[in-house]
Amino acid sequence: MNEVRTSEILETIEMIDKECLDIRTITMGISLLDCADSDIHRSCEKIEKKILRLAKDLVKTGEEISLTYGIPVVNKRISVTPIALLCAVSGGDPVEYALTLEKCARELNIDFIGGYSALVQKGFSAGDRELIESIPRALAATEHICASVNVGSTKAGINMDAVKMMGRIVRECAELTAERDSLGAAKLVVLCNAPEDNPFMAGAFHGVGEPDAEIHVGVSGPGVVRAVLAKADKTLPLNEIAELVKRTAFKITRMGQLVGSVASQKLGVPAGIVDLSLAPTPAEGDSVAEILEEMGLESCGAYGTTACLALLNDAVKKGGVMAAQAVGGLSGSFIPVSEDAGMIRAVKRGTLTLEKLEAMTAVCSVGLDMVIVPGDTPAEILSGVIADEAAIGMVNLKTTAVRIIPAIGKTEGEHVNFGGLLGEGDVMHINRTGNAVLISRGGRIPSPMQALKN
């Protein structure tokens, strides 16, 4: 393995001190396949023992790395095998698994556990329906658990029965946590082409093709890229802007590679991937929207926004891939509305709409993320949003996702505050034109010609 020298990150000190650069997450992926048992209580006991054994030093390691290298490690997280796979063996109420994972999270003092998940892109197998139906109760009863459901892929097409189901499940998550601004829906994401090694919540799970345990790192740094572009000549051609982003992404990712290597050695767990995604926060200056505006837009959402985002996403990947031994996860630029101060302002101005966001998801790293809509939005409208995003992902051979929050009791223009990294934002307008007949059809949208690559 090539050693990463400490000297390689010294030039990032200013980025850390002044430009919001951090390691967004160290995520330990843990396989729970060997914890499957026909008795759900025994299965939960095995899960607790395994997670506590492997991750007992995860938080301490993150803190030690922060102190040693001066690099903030913001979140320490765990992703596990999709719990629906264990439900297929054990039966019983899946919420018992959620409560076991929550107990582990509290004991380890980690931020989130992802993997309360089901993969149903081609249909439902044993355990899938039970897990999905339990998601609203599981998220209402826990604080640290994140759920995800993969409803489509380029190879399989889109499971429209699952899409119909998920519109209802999103609403139920919001309703059961209405007193907390419908926070439950903010911890649920519906995906197409979900990656098995994603360190970012809420879509993280430990895929069946992964090893028994591994360490993934998610870097951040939109503030650093914004600062670099802010200093650039306003007449600089866009190809040179792309070059600046590439060079900056290399430096940011090199730091992530160092952290992943050190964490792997300290924890005795193989290193997994570095996710190159620029992940914004509500902090001023730490915004993907502001990067796009530095390229020459008056406001995020103006015509040209999608082109700027395409340039950014591509340059981040090109710069980062040379700096890491293994790149994975989502790797690009997140555009979560409530987690990005620039996006929040653009929504307030009226320049950023759901329709424009959907166009942007064709070129960003994920999809419609942390979008707040009126609390009375019907389930079939939510399902329609999910179907459209899944179609973009399926046809374009990319990951897309929907994390949408119908804020119960709130109407368009009202404000919602989730706190922490989940941020805050205004309730957005959503098109309510009827689609109930379409969603009620169910069935499956067949895979596109792009899938025939064998």
Side-chain angles (χ1 to χ4, degrees), residues 154 191-193 195 198 200 218-230 232 234-250 252-253 275-280 286-323 327-337 339-340 342-343 346-347 351-371 388-403 448 450:
T154 300
L191 296 134
C192 177
N193 286 323
N198 169 24
F200 286 107
V219 299
S220 186
V224 177
V225 177
R226 182 205 57 78
V228 169
L229 296 188
K234 297 304 179 187
T235 64
L236 206 63
L238 287 173
N239 56 297
E240 294 187 36
I241 291 291
E243 193 66 25
L244 284 175
V245 175
K246 281 164 55 178
R247 292 174 185 172
T248 306
F250 179 88
I252 293 169
T253 307
D275 189 308
L276 310 178
S277 297
L278 295 181
D286 199 28
S287 164
V288 168
E290 290 176 5
I291 297 174
L292 307 180
E293 289 165 1
E294 289 292 350
M295 292 184 191
L297 303 172
E298 182 179 335
S299 174
C300 181
Y303 291 114
T305 296
T306 306
C308 289
L309 183 59
L311 181 156
L312 176 64
N313 222 41
D314 181 65
V316 165
K317 291 178 181 178
K318 286 175 176 173
V321 74
M322 293 296 291
V327 171
L330 298 161
S331 290
S333 299
F334 289 151
I335 52 171
V337 177
E339 297 175 9
D340 186 309
M343 297 281 181
V347 170
T351 59
L352 188 60
T353 64
L354 270 176
E355 288 73 21
K356 186 59 178 177
L357 278 166
E358 182 180 297
M360 293 165 68
T361 63
V363 299
C364 77
S365 68
V366 197
L368 291 173
D369 196 10
M370 291 303 291
V371 170
D388 284 346
E389 272 305 300
I392 290 172
M394 175 185 71
V395 171
N396 289 290
L397 292 86
K398 72 182 293 292
T399 302
T400 50
V402 173
R403 190 160 48 144
Q450 291 90 319

Compare all side-chain heavy atoms of [X] with those of [Y] and state whether any distance is below 4.5 angstrom.
X      : Y      : answer
Leu229 : Val245 : yes
Asn396 : Gln450 : no
Val219 : Ser277 : no
Val225 : Ile252 : yes

Check for a donor-acceptor pair, side chain of [X] on one end and backbone N or O of [Y] on the other, with a separation under 3.5 Å.
X      : Y      : value
Asn198 : Phe200 : yes
Thr253 : Ala323 : no
Asp275 : Val327 : no
Ser331 : Gly328 : yes
Asp340 : Ser287 : no
Asn313 : Ser333 : yes
Lys398 : Thr361 : yes

Interatomic distance, [X] atom [atom1] to [Y] atom [atom2] [nearest 0.5 angstrom]:
X      : Y      : atom1 : atom2 : result
Thr400 : Ile392 : OG1   : CD1   : 7.0 Å
Met360 : Thr305 : CE    : OG1   : 6.0 Å
Leu278 : Ile291 : CG    : CD1   : 5.5 Å
Met343 : Asp369 : CE    : CG    : 10.0 Å
Ile335 : Leu368 : CD1   : CG    : 7.0 Å
Ser220 : Leu276 : OG    : CG    : 12.0 Å

Exercise. May I ask you to say whether Lys246 pairs ionically with Glu240, meaning some side-chain N is under 4.0 Å from a carboxylate O?
Key: no
Quiz item: Salt-bridged, Glu389 to Arg403, with N to O below 4.0 Å?
Solution: no
Exercise. Tell me yes or no: between the side chains of Thr351 and Lys356, is some donor less than 3.5 Å from an acceptor?
Key: no
Exercise. Kindly determine whether Glu294 and Lys234 satisfy salt bridge (Lys or Arg N to Asp or Glu O under 4.0 Å), including the steps that lead there.
Key: CA-CA 9 Å; Glu294 289 292 350; Lys234 297 304 179 187; 3.0 Å; yes
